[in-house]
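Since the structure comes first, as structure tokens, the remarks are kept for the end.
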Amino acid sequence: MNRDVMMSDAAHFRIIYEINPYMDTGCQPDAALAAAEHKAIAAAHLAAGRTVRHMESAPECPDMVYTANGAFVCDGRAVLGDPPAMRQAEIPYFRSWLKENEFDVFDPPYDFSGQGDALACGRFLLAGYGRRTDRRMHGFLGDLYGHEVVPLRTVSEEWYDLDLAVAVIDEHTVAYHPEALDPASAGRLRGLGLELVEVCAEDARAFALNLISDGSTVTMTRGAPRLAAELRERGLAVEELDTTELRKGGGGVRCTALTLDNPAPDGATR
Ligand code: ARG
């Protein structure tokens, strides 16, 4: 998992609207720094032995650098995102790219934040709802892919996408910030029999959970030393990177890469 990802680029990244609490049109990213951050993330994926495929960003899409919201991809099949109005112009680009790269492409019947609200973890699909994803998407995703869908709702817009509050480390291990989930959701997560790593508010607020793990190397933001240390103690290699400019749009490491190789929940390949 996460050995094949799709990234775009930061060429047109800027803040011209505010659709999450981190965006402020009065606080623009430094273009050169943002490009350097993005390049360093891609380089870290390559250094970890991952394949990085590129989709060129479009000038009219200032958030296209966050490819995670364009779709959820698993077992050769992609369900497109249905994001807030300001980001709708991105979707035709994702559709074309995914088709050209030979994925079967499906339209979402309801609002859907793509991989931002859909984290595959073995036979489970940890699935956000109530913010950018309509809960009815869960049935659609479960029917299509066959996962056991675990509905998880975050408590505030601070965690507008699930991938800011929950991270899959490997198919048996999930890191999360307990206070970001409503009590019923936290209870569901605890009931799955997975190994859980609790992340403190300070690290979670630094977007520590917005990470990419392939089960041996974790690529994550700098500025969350407790989680980084905990993962190293568990035997993982951890690469920490600057994400100060990407944060201005409300995203981090995980948001910039769409995972292309989520396996079928039963491990079978199509
Ligand atoms: N500015 C983007 C938005 O609000 C950031 C998306 C971050 N993506 C994520 N998967 N959390 O849509």
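In listed order, ligands and their atoms are each counted from 1. On a predicted model such as this, the values are computed, not experimentally measured, just so you know. The figures that follow rest on heavy atoms only: side chains count, while hydrogens, waters and symmetry mates do not.
- Using a 3.5 Å distance cut-off with no hydrogens or angles, the side chains of T154 and R131 do pair a donor with an acceptor.
- With hydrogens and angles left out, the side-chain atoms of N69 and R87 include a donor and acceptor closer than 3.5 Å.
- When only non-hydrogen protein atoms are considered, atom 8 (N) of ligand 1 lies nearest to N69 OD1, 2.8 Å.
- Salt bridge status for R132 with D117: absent, with no side-chain N to carboxylate O gap under 4.0 Å.
- Within ligand 1, counting atoms from 1 as listed, the ones closer than 4.0 Å to a heavy atom of N20 are 1 (N), 2 (C), 3 (C), 4 (O), 5 (C).
- Two different hydrophobic clusters hold V65 and M55 under the rule that ILVMFWY side chains link at heavy-atom gaps under 4.5 Å.
- Looking at R87 against ligand 1, only its side chain comes within 4.0 Å, counting heavy atoms.
- Under a 4.0 Å criterion applied to the non-hydrogen atoms of D63, ligand 1 contributes the atoms 1 (N), 2 (C), 3 (C).
- Contact atoms of ligand 1 toward G249: 1 (N), 2 (C), 5 (C) (distance under 4.0 Å to a heavy atom of the residue).
- Between the side chains of D9 and H38, no donor-acceptor pair of N or O atoms lies under 3.5 Å.
- Under a 4.0 Å N-O distance rule, the pair R226/E230 does not qualify as a salt bridge.
- Residue, atom and distance of the protein heavy atom nearest to atom 9 (C) of ligand 1 are C255 SG, 2.8 Å.
- Residue I19 has at least one heavy-atom neighbour below 4.0 Å for each of these atoms of ligand 1: 3 (C), 4 (O), 12 (O).
- Interface of D161 with ligand 1, defined as ligand atoms under 4.0 Å from a residue heavy atom, comprises 8 (N), 9 (C), 10 (N), 11 (N).
- For the pair D24 and E18, the minimum side-chain heavy-atom distance is below 4.5 Å.
- Of all the listed residues (M23, R132, M86), R132 holds the heavy atom that lies closest to atom 3 (C) of ligand 1.
- At a 4.0 Å cut-off, at least one heavy atom of Y160 sits close enough to ligand 1 to count as contact.
- Judged by distance alone, the side chains of Q88 and D82 do bring a donor and an acceptor atom under 3.5 Å apart.
- Checking only distances, D163 does come within under 3.5 Å of ligand 1, N or O to N or O.
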